[in-house]
Amino acid sequence: MKNKIQYLINLSGICLLLFHIYGCASEAENLTVGKWTINFNAEKKVLDIYQDSKLIGNALYAAYQLNGEEITTPAYSSYKITTRRINDAFGSGKVFTVTYTDDRFPKLVQSFYLYPDKDYFLTDFTLEDKNGVASNWMAPVHIAQMPPILQAGDNNRALFIPFDNDAWVRYQSHPLTFEKLTSYEVTAIFNNDNRQGLIVGSIEHDNWKTAVLIGNGNKDNVGSLVCYGGVADKLTRDVKSHGTVKGKKVKSPKIFFGLFGDWCDGLEAYAKANAVIAPQTLEEGCSIWLEQLGALQFNLTYEKALEVSDFYKENLQNHHFVNADNTVYIGLDSGWNSFSEEQLKSFIEKCKANGQVGGIYWTPFTDWGRNPDRTIDAAPQYKYKDIYLYADGKPQELDDAYAIDPTHPAIEAMMKETSELFRRTGFEYVKMDFMTHGAMEADKWYKPEISTGMQGYNYGMKLLNQYFGDMYINLSISPVFPAQYAQSRRMACDAWNKIKDTEYTLNALSYGWWQKYIYQYNDADHIVLRDATEGENRARITSGVISGLYIAGDDFSKEGPEEAKNRAKKYLTNQAVNKVATGEVFRPVEGNGQQSENIFIRKDNDGTFHCAVFNYGENELKVNLSLERIGLKAATEYQVTELWDAQHFTANNEITVTIPPKDVKLMEFKQ
């Protein structure tokens with residue numbers, strides 16, 4: 001009997017040992033943390049993930065490319081499961097880790113970060129090999145067939161989010177009838193009737209360009225879902241494949257994955273999670289109210305810049321077009337390099353005398369001359385051909401400019417020289433344009449440790465922050481991410497004066513408003529009033545007011561068109577409208593537009609509620625507005641003021657709003 005007992009004890013010890021080596025014990029293969037449960041399938045080496053007992057990710061596995069071959073976690077022969085407690089910037093929770101080993105492959109450590117009070121989990125994985133490992137494609141989320149997560153119906157959608165804002169690219173809300181859809185960095189898969197939505201995307205942007213690839217399912221549900229680092233295509237502005245991340249330990253991007261009662265809340269939570277990973281270290285800066293001398297373009301002169309400054313002082317700043325501290329930013333756009341240094345100083349002196357802050361423009365990662373043999377003024381030991389980002393031995397051209405290597409020492413020399421000029425002449429605001437050039441994949445970089453476009457871009461942006469970090473930085477043409485290097489970013493590409501420009505800008509607000517939570521302000525581009533109807537003027541101004549930065553862009557010099565000046569005096573000085581321009585963003589009510597949504601709302605902390613309804617068409621539009629649908633109480637009576645025409649009325653349950661052609665109604669609701 002004693003021997004039998006000893007045998008049983010030894011057998012138990014062997015099983016315990018096998019569990020630690022191979023994961024043979026089942027009780028450790030499940031973990032529940034608050035609303036989250038993970039079940040590991042030991043036979044298939046995949047995971048099922050439940051949120052509030054609802055299956056939202058089934059048979060999930062990780063995958064990567066190694067020497068041109070796709071390797072998946074189910075291909076590994078052995079695994080070990082561990083859990084540990086964490087207390088990090090996201091909160092307190094647990095990490096569920098599966099460590100895969102196999103003599104054929106590098107060790108793979110797959111981690112799931114679970115927080116009991118969050119509507120999302122995070123996941124990533126690492127590859128480890130003492131002899132080094134390299135991959136240019138790593139997918140922490142790989143699901144062959146998504147479980148049904150949305151209410152069945154005809155109004156299920158998936159969002160296309162662009163990588164950058166170049167070439168007038170548009171956001172898009174798609175019915176689930178596509179063969180496949182690639183969205184960059186993040187997507188939302190949602191039901192527009194009840195608003196429930198799944199948000200999936202990367203919250204790390206140091207090494208990888210990330211995409212979400214969605215396969216075809218049916219009108220009620222998507223098919224496959226893969227979120228991976230390693231995308232490089234025409235919409236990331238690349239002609240080469242994604243660079244390779246290498247080292248003894250290589251990490252995938254960290255992925256955000258969660259189901260939300262409202263897809264808009266989900267995208268805002270996603271943005272805030274990005275800000276947890278990479279918070280802004282820049283100081284609060286810019287006024288919301290700006291003049292950007294965009295309409296002058298290359299007709300900009302020193303004399304005209306002074307005249308515009310005076311126009312603002314004499315006609316707008318004293319009539320409500322001014323920030324709370326009584327300042328306005330006046331920004332010189334491209335073309336300022338025709339000014340002498342003394343003229344730049346004099347312009348700043350004029351601005352200060354007029355209660356204004358001076359801004360300027362630069363493109364740090366481009367060569368517009370496209371002359372390879374030209375000497376670089378700031379670093380005369382180099383020629384421009386030394387600093388290009390080459391693809392297959394050829395300079396890369398985008399937007400009629402050659403891309404240059406952000407890691408080259410000549411770029412740092414140019415940053416140092418340019419920032420010293422701006423600082424010496426008194427500028428406090430700088431618009432940085434055509435930034436995507438610095439993120440392009442390339443044959444190589446000057447710094448040998450850089451091996452991907454995003455690594456090169458981050459290197460350059462850190463330098464930019466080093467030299468310009470005491471100024472307010474506004475990104476124009478640029479990737480959405482990384483976001484920690486600037487206070488604001490242009491939401492879309494160039495927009496001007498017509499209703500089509502308003503609609504295009506509001507397409508970006510419709511599906512990219514959440515970027516307010518990774519930047520201090522969204523930038524809706526300059527508002528141009530000339531050569532447009534008065535309704536188009538109201539709509540264009542409102543698009544800026546509800547987006548973030550409020551930027552005027554007409555030629556207000558003495559020779560500038562009188563129409564633009566008169567419209568500015570009439571429409572840029574509406575006190576009630578301008579009071580709404582706090583820099584806080586409006587968000588869409590719906591998410592099923594083929595182009596842009598046309599109803600946007602904002603709830604303020606003081607209980608005030610605003611709703612903007614746009615008409616992009618040529619004919620009058622009547623909109624039946626459900627108060628409950630826009631976020632108000634249906635049975636409550638509200639006092640409503642239309643801020644453009646100052647009309648007052650009461651509303652409850654539902655109201656009909658009539659918008660003239662190519663116009664807008666901006667309404668304020670109070671109880």
Side-chain angles (χ1 to χ4, degrees), residues 285-287 289-317 322-323 325-369 371 374-380 382 384 401 410-434 463-474 476 526 551-560 565:
C286 184
S287 160
W289 312 79
L290 300 101
E291 158 64 23
Q292 188 168 290
L293 303 178
L296 281 164
Q297 298 186 345
F298 291 102
N299 294 317
L300 176 64
T301 65
Y302 166 69
E303 291 76 16
K304 289 181 178 180
L306 299 184
E307 291 166 5
V308 171
S309 175
D310 284 338
F311 179 87
Y312 267 80
K313 173 68 174 178
E314 296 163 6
N315 297 281
L316 301 181
Q317 286 170 242
V322 68
N323 200 52
D325 63 358
N326 291 316
T327 61
V328 169
Y329 277 57
I330 302 286
L332 302 178
D333 211 83
S334 58
W336 64 265
N337 50 350
S338 64
F339 291 26
S340 69
E341 183 168 334
E342 286 306 311
Q343 287 176 329
L344 291 174
K345 287 181 180 178
S346 178
F347 170 71
I348 292 298
E349 290 169 2
K350 165 68 77 170
C351 287
K352 288 182 177 179
N354 284 344
Q356 300 154 359
V357 179
I360 201 163
Y361 174 97
W362 196 43
T363 60
F365 302 141
T366 56
D367 172 31
W368 298 98
N371 182 352
R374 196 166 88 258
T375 299
I376 298 170
D377 293 339
Y382 297 109
Y384 272 89
I411 307 310
E412 182 172 3
M414 293 164 69
M415 288 184 183
K416 183 176 186 296
E417 180 180 84
T418 304
S419 65
E420 287 176 351
L421 170 65
F422 290 174
R423 199 172 290 107
R424 193 165 63 242
T425 49
F427 289 91
E428 300 177 43
Y429 167 100
V430 58
K431 172 185 170 184
M432 298 289 185
D433 207 353
F434 296 98
L463 276 181
L464 199 75
N465 194 226
Q466 175 183 331
Y467 286 101
F468 295 87
D470 58 342
M471 302 179 190
Y472 182 97
I473 298 175
N474 178 47
S476 192
H526 49 234
I551 308 175
D554 274 288
D555 175 5
F556 296 135
S557 67
K558 289 181 179 179
E559 294 180 358
K565 296 173 191 172

Visitor: Minimum heavy-atom separation for Ala305 to Leu332, with atom names?
Guide: CB-CD2, 4.0 Å

Visitor: Mind listing the closest non-hydrogen atom pair of Gly335 and Ser338 along with its distance?
Guide: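 Smallest interatomic distance, heavy atoms only, reads O-OG, 3.1 Å.
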
Visitor: With the side chain counted from C-beta on, respond yes when Met414 and Trp362 share a heavy-atom pair under 4.5 Å apart, and no when they do not.
Guide: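 Result yes, sub-4.5 Å side-chain heavy-atom pair found.
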
Visitor: Applying the side-chain contact (heavy atoms from CB on, under 4.5 Å) test to Phe427, which of Leu421, Val357, Ile360 qualifies?
Guide: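 Running side-chain contact (heavy atoms from CB on, under 4.5 Å) over Leu421, Val357, Ile360 with Phe427 returns exactly one hit, Ile360.
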
Visitor: With sequence neighbours excluded, tell me which residues meet salt bridge (Lys or Arg N to Asp or Glu O under 4.0 Å) with Lys352.
Guide: none

Visitor: Flag the pair Lys416 and Glu412 as a salt bridge only when some basic side-chain nitrogen lies within less than 4.0 angstrom of an acidic carboxylate oxygen.
Guide: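 No, no charged N to carboxylate O under 4.0 Å.
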
Visitor: Please determine, by modelled atom types, if Thr363 and Asp433 share a side-chain donor-acceptor pair under 3.5 angstrom.
Guide: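 Distance-only check fails for Thr363 and Asp433.
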
Visitor: Using ring centroids (six-membered ring only for Trp), state whether Phe556 and Tyr312 fall under 6.0 Å.
Guide: yes

Visitor: So, for Met432 and Pro364, which heavy atoms are closest and what is the spacing to 0.1 Å?
Guide: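 Heavy-atom minimum between the residues: SD-CD, 4.0 Å.
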
Visitor: Charged N to carboxylate O below 4.0 Å: is that the case for Glu342 and Lys345?
Guide: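 Salt bridge: yes.
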
Visitor: Do Gln356 and Thr327 get their side chains close enough for a donor-acceptor pair, meaning under 3.5 Å?
Guide: no

Visitor: Working to the nearest 0.5 angstrom, can you tell me the gap between Tyr302 OH and Leu344 CG?
Guide: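 Answer rounded to 0.5 Å: 9.5 Å.
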
Visitor: Quick one: closest heavy-atom pair of Thr425 and Ile348, and the distance?
Guide: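 Heavy atoms only, the tightest pair is O-CG1, 3.2 Å.
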
Visitor: With a 4.0 Å cut-off, would you call Asp310 and Lys350 a salt bridge?
Guide: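 Counted as a salt bridge, because a side-chain N and a carboxylate O are separated by less than 4.0 Å.
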
Visitor: I'd like to know if the side chain of Thr418 and the backbone of Met415 have a donor-acceptor N/O pair within less than 3.5 Å.
Guide: no

Visitor: Mind telling me whether Phe422 and Trp336 have parallel, tilted or perpendicular rings, with 30° and 60° as the class edges?
Guide: perpendicular

Visitor: Mind checking salt bridge (Lys or Arg N to Asp or Glu O under 4.0 Å) for Lys313 and listing every partner two or more places apart, or none if nothing turns up?
Guide: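 Salt bridge (Lys or Arg N to Asp or Glu O under 4.0 Å) check on Lys313 returns nothing, list empty.
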
Visitor: When you look at CD of Glu559, are more than 12 heavy atoms from neighbouring residues, nucleotides or ligands closer to it than 6.0 Å?
Guide: no

